[in-house]
Amino acid sequence: MVLYFTGTGNSRFVAERIAKATDDRAEDISIYIKGSKQPVFTADEAYVFVAPCYVSTTARAMTDFIKEASFPKDIRAYFIITAASYMGAAPTTNRRLSAKKGFKYMGTAQVAMPQNYIAHFKMRSEEEIRKTVKEAVPVIDRLSAIIKRKGPLPAAKQIPGEAFFTDLVCALYYPLLMKTKKFRVTDKCISCRKCESLCPYGNISFDGEKPVWGKKCTHCMACINLCPVSAIEYGKGSVGKTRYKGPEKV
Ligand SMILES: Cc1cc2nc3c(=O)[nH]c(=O)nc-3n(C[C@H](O)[C@H](O)[C@H](O)COP(=O)(O)O)c2cc1C
């Protein structure tokens with residue numbers, strides 16, 4: 001089973017391609033996060049966890065989900081991390097989590113995908129996005145072939161002390177900087193409520209005609225990037241930047 005978390009579609013794209021190549025099915029974990037389904041998995045099979053890299057490691061949306069969910073013991077666990085540049089301490093994070101859950105850790109691999117952190121980073125041009133996605137496809141296909149033949153993923157290098165440092169940064173970044181105060185909606189808003197349904201945490205509600213952000217946010221950037229009329233901004237960070245609409249089907 002391929003379980004994925006996504007904000008803007010990169011991880012969905014990777015998960016669906018892996019599922020197709022391995023004759024498996026891909027499922028979005030937001031249905032569990034939003035509480036409409038119990039995270040209890042009974043199938044004794046390989047699990048492929050696909051998630052974005054946040055703050056130099058596996059997005060907490062995925063690690064928190066794995067911690068809370070119930071899986072059979074000894075399942076084979078593969079981790080595929082989509083990252084704009086570098087997946088950082090994700091291999092260590094995932095190996096440790098697998099040990100705690102009693103999984104057979106099959107490795108972590110990175111797939112380089114376009115940047116979506118519009119609140120803080122420079123967004124890529126359409127041409128760069130196309131090139132990145134095109135280059136990702138053979139990488140995904142190589143990884144799928146390994147998963148299909150039940151092999152381990154190639155060992156990923158880790159810089160000594162990297163995970164320790166990343167844990168410290170995450171411990172500060174998540175509670176202090178992943179806030180919703182800076183989200184705002186401009187006059188362009190057409191009250192279509194797409195942001196409400198897109199939020200994988202179910203953190204957006206509607207106060208009359210405008211979206212209101214609750215406290216549970218992981219900065220996935222789905223609302224800003226995928227708003228059909230680009231009516232959402234994050235402080236000054238997103239102003240004037242081209243929205244990332246997710247990878248096109250290849
Ligand atoms: C909150 C946040 C933190 C991020 N941190 C990193 C990072 O540390 N390293 C990196 O290479 N990319 C980072 N990115 C970029 C994403 O990992 C990348 O664009 C990913 O493919 C997005 O996946 P999605 O479309 O499935 O949400 C970050 C993005 C967000 C929204």
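Numbering of ligands and ligand atoms starts at 1, following listing order. What's counted below: heavy atoms across the whole structure, side chains too, no hydrogens, waters or symmetry copies.
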Practice task
Return the protein residues near ligand 1 (heavy atom under 4.0 Å from any of its atoms), ordered by chain and residue number.
Solution key: T6, G7, T8, G9, N10, S11, P52, C53, Y54, V55, S56, T82, A83, A84, S85, Y86, M113, P114, Q115, N116, Y117, M178, H219, M221
Practice task
Answer with yes or no whether the side chains of T8 and N116 bring together a donor and an acceptor at under 3.5 Å.
Solution key: yes
Handout entry: E68 and Y32: side chain donor to acceptor below 3.5 Å
Key = no
Practice task
Verify the distance criterion only: is there a donor paired with an acceptor across the side chains of T93 and T58 at less than 3.5 Å?
Solution key: no
Exercise for the section: State yes or no: do I80 and M1 share one hydrophobic cluster built from I, L, V, M, F, W and Y residues joined by side-chain heavy-atom distances below 4.5 Å, directly or via other members? Expected result: yes
Practice task
Give the C-alpha distance, both sets of side-chain angles, the deciding distance and a yes or no for side-chain hydrogen bond (donor to acceptor under 3.5 Å, both in side chains) between E128 and S125.
Solution key: CA-CA 5 Å; E128 286 168 319; S125 68; 3.2 Å; yes
Problem - Other residues, nucleotides, ligands: >12 heavy atoms within 6.0 Å of K20 NZ - result: no
